Number of protein chains: 2
Amino acid sequence: MTEDLMTIREMCETYDVTPRTLRFYEAKELLFPIREGQKRLFTKRDRARLKLILRGKRFGFSLEEIRQLLDLYHVGDQQLTQMTRTYEIACERLADMEARREELTQAIDDLKEQLRWGEKVIASMKQEKKAAE
Amino acid sequence: MTEDLMTIREMCETYDVTPRTLRFYEAKELLFPIREGQKRLFTKRDRARLKLILRGKRFGFSLEEIRQLLDLYHVGDQQLTQMTRTYEIACERLADMEARREELTQAIDDLKEQLRWGEKVIASMKQEKKAAE
DNA sequence: CGTCTGGATTACGTAAACGTCAATCTCATG
DNA sequence: CATGAGATTGACGTTTACGTAATCCAGACG
């Protein structure tokens with residue numbers, strides 16, 4: 001079925017993006033579909049990368065930041081020094097993300113508290129309404 | 001000291017933004033500084049809102065989305081139906097944020113695993129290097 | 001009174017992330 | 001062979017979120 005290769009149309013339907021977007025990501029070197037004549041064919045690797053790209057976007061990363069993050073996942077056949085550097089960057093990123101999650105947790109707690117407040121306000125408004133009837 | 005009112009310059013230093021940014025947020029109706037003659041003076045409320053704006057931006061919300069979120073915090077003297085609607089929207093937002101945190105947790109776990117992999121690769125590379133010497 | 005200094009307004013500029021449109025190309029099908 | 005559906009390649013348009021420069025005020029100060 002998915003012989004490991006997908007056309008641009010299949011990609012669009014699967015991941016809910018436009019062809020333009022996929023071509024744009026290729027131009028930006030985020031994806032590397034192979035060519036069959038003119039046509040692009042997206043590999044399993046492209047799909048994995050696209051998933052990470054979309055996830056990154058939901059977190060508000062820029063495409064350039066995402067591109068660097070993606071490099072952390074391909075590791076490949078680098079030199080020791082290069083590999084070590086990559087590892088360090090990844091560690092920093094991880095710290096960023098954990099800090100981010102902390103902040104998000106804080107925001108969630110804030111909103112929850114706000115909601116409890118809202119519940120009370122609504123309840124008292126209903127009381128008033130009842131009393132007025 | 002902070003007599004509850006801050007000049008644009010003080011705001012910029014406190015929150016590390018430019019004057020342009022603050023004026024822009026006012027134009028977009030995210031902030032409502034009062035005027036002393038020509039000059040803007042930012043209130044405590046503006047500062048609270050700005051903090052939420054900056055937080056929202058770190059989470060990748062657009063300014064328009066943030067504006068809607070901010071409305072959830074001012075609640076004010078609304079009608080019951082309006083208040084209830086606001087409450088519902090806030091609940092949805094909360095659900096969004098919790099889902100987001102789940103995803104972030106997943107991303108963090110992924111990256112952690114990747115890092116463990118990286119550690120092993122680096123270790124083996126060091127071994128090879130040693131052996132070659 | 002001249003002149004800074006800080007803020008305001010107006011307006012044009014810009015980078016990112018695509019959208020949109022026109023002009024091919026190509027291949028299967030009637 | 002004509003043609004219609006999909007894909008590709010420019011190329012220009014658009015929105016968001018400000019940056020930047022020019023010009024204009026108003027109060028402080030020597």
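Sequence lines set the chain letters: A, B, ... in the order given, protein chains first and strands last, and positions in each chain run from 1. Please read all numbers here as calculations on a predicted model, not as lab measurements. The figures here come from the full heavy-atom set of this structure, side chains too, leaving out hydrogens, waters and symmetry mates.
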Legend entry - Sequence-distant partners of A:Lys112, salt bridge (charged side-chain N to carboxylate O under 4.0 Å, His left out), two or more places apart: B:Glu98

Polar atoms only, N or O, under 3.5 Å: list the protein pairs with nucleotides 15-17 of chain D and their distances.
residue, atom, partner, partner atom, Å
D:dA17, OP1, B:Leu63, N, 2.9

Identify every side-chain donor-acceptor pair in residues 120-130 of chain B under 3.5 Å, counting partners at least two apart or on other chains, and give the distances.
residue, atom, partner, partner atom, Å
B:Ser124, OG, B:Val121, O, 2.8

Legend entry - Pairs touching residues 87-96 of chain B that satisfy side-chain hydrogen bond (donor to acceptor under 3.5 Å, both in side chains), sequence neighbours left out: A:Glu119-B:Tyr87, B:Arg85-B:Glu88

Any idea which heavy atoms bring [X] and [Y] closest together, and the distance?
X: A:Met11; Y: A:Leu50; answer: CE-CD2, 3.7 Å
X: B:Gly60; Y: B:Glu65; answer: O-OE1, 4.4 Å
X: B:Ala90; Y: A:Leu115; answer: CB-CD2, 3.4 Å

Inset, instruction - Please determine, by modelled atom types, if A:Asp110 and A:Gln106 share a side-chain donor-acceptor pair under 3.5 angstrom. - result: yes

Could you tell me whether [X] and [Y] have a side-chain N and a carboxylate O separated by less than 4.0 Å?
X: B:Lys51; Y: B:Asp46; value: no
X: B:Glu103; Y: B:Arg100; value: no
X: B:Glu26; Y: B:Arg35; value: yes

N/O-N/O pairs, protein side and nucleotides 6-13 of chain D side, under 3.5 Å:
residue, atom, partner, partner atom, Å
D:dA7, OP2, A:Arg9, NE, 2.8
D:dA7, OP2, A:Arg9, NH2, 2.8
D:dT8, OP1, A:Arg40, N, 2.9
D:dT8, OP1, A:Arg40, NE, 3.2
D:dT8, OP2, A:Arg23, NE, 3.2
D:dT8, OP2, A:Arg23, NH2, 2.9
D:dT9, OP1, A:Arg35, NH1, 3.1
D:dT9, OP1, A:Arg35, NH2, 3.4
D:dT9, OP2, A:Arg40, NH2, 2.0

Legend entry - DNA chain C: 5'-most and 3'-most nucleotides touching chain A, 4.0 angstrom heavy-atom criterion: C:dA17 to C:dT20

